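Residue numbers begin at 1 in each chain, while the letters A, B, ... track the order of the sequences. Here the structure is a predicted model, which means the values were calculated and not measured.
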Amino acid sequence: MFLIYCPHCGEHREEEEFHNHGQAHIARPLDPDSCTDEEWGNYMFFRKNPKGLHHELWVHAAGCRKFFNVTRNTATYEIKEVYKIGEQPKVVE
Amino acid sequence: MSDVKNETATVSVMNQLPDASIVGQSPLFHADLATIAKKGPNTGGVSFKEEALLGHITLRMNADNAEQMSVVEKVLGVALPTQPLTSVSQGDVVVRWISPDEWLITVPGLQAFDIETAFQQNMIGHYQVVNVSGGQTLVTLSGKHAKDVIKKSSPIDLHPSEFPVGKVVTSVFAKSSAVIRRSGEETFELVIRRSFSDYLWLWIQDASREYGLVVEA
Ligand SMILES: [Zn+2]
């Protein structure tokens with residue numbers, strides 16, 4: 001059992017109920033029309049792939065279906081914190 | 001996303017549940033549970049019953065909007081549960097917390113259209129009401145071993161300290177999903193998808209074989 005805390009349901013639930021949606025805090029360019037190809041390409045396709053701390057977007061897919069953020073160590077799977085969309089991580093290094 | 005108060009509702013509402021002149025077929029109609037119930041057995045560790053043709057309504061709105069909350073209370077006769085994973089019931093009406101801005105309301109089938117219409121006429125601001133009666137059904141598992149059948153099917157912790165009467169969770173259930181509510185110490189209600197209902201009926205028969213399955217109708 002790998003339990004993940006859902007901040008919307010307010011309790012730990014089995015990993016099977018969740019999906020990882022990759023890197024969190026990716027801001028869409030405010031004015032896409034004036035982006036260079038490189039800026040747009042970086043926004044669309046390029047993602048961090050760290051060994052260690054990673055800020056990720058998760059969704060409680062089989063539960064409340066809400067998104068939230070997770071700071072996770074990708075090497076040990078340890079979850080350092082869970083925080084809602086719009087909030088900033090407290091654990092940064 | 002603004003809360004416009006004087007918007008005229010332009011939605012069309014449709015009564016999904018026919019009156020007595022048309023035979024309504026629940027998702028488990030083909031299983032002919034009434035005949036199975038008659039044949040028995042009458043005793044066993046798990047009882048199964050489909051609460052066929054209930055009215056299922058999903059409501060989405062902002063729980064912080066006091067005006068909307070009071071309209072809901074007027075329409076349903078009971079206040080929405082805002083505490084996560086809880087439910088409230090009042091007579092035949094059960095309201096389940098699904099997410100911070102979503103609830104599942106079940107009512108006797110023939111009331112669904114009236115309640116949907118009452119929402120359209122009285123509700124204000126930004127909200128959504130959808131009659132989803134045709135897409136799902138509610139089954140109950142009860143008896144001494146009901147929780148053992150659910151334990152085989154879902155990772156949810158069913159210990160009374162973690163899952164008291166009235167609690168409701170949406171979770172995976174036998175590779176499908178279910179909205180599970182504990183309606184009594186040994187009684188659980190499962191809201192399941194129409195398209196998975198036959199599969200889950202077969203699954204539940206298999207999972208409860210060792211305890212003895214009683215079908216009620
Ligand atoms: Zn959740």
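Between chain B and the options A:Cys9, A:Cys6, A:Gly10, heavy-atom pairs under 4.5 Å are most frequent for A:Cys9. Ranked by non-hydrogen atom pairs under 4.5 Å with chain A, the options B:Glu162, B:Gln83, B:Glu102 are led by B:Glu102. Options A:His60, A:His12, A:Glu11 differ in how many heavy-atom pairs under 4.5 Å they form with chain B, and the most are formed by A:Glu11.
For A:Gln23 and A:His54, the side-chain atoms include no donor-acceptor pair closer than 3.5 Å. A side-chain donor-acceptor contact under 3.5 Å links A:Glu56 and A:Trp58.
Residue B:Ser183 holds its OG atom at 4.0 Å from CD of B:Glu189, rounded to the nearest 0.5 Å.
In this structure, chain A has no heavy atom under 4.5 Å from any part of B:Ser177.
Between the B:Thr106 side chain and the B:His56 main chain, no donor and acceptor come within less than 3.5 Å of each other.
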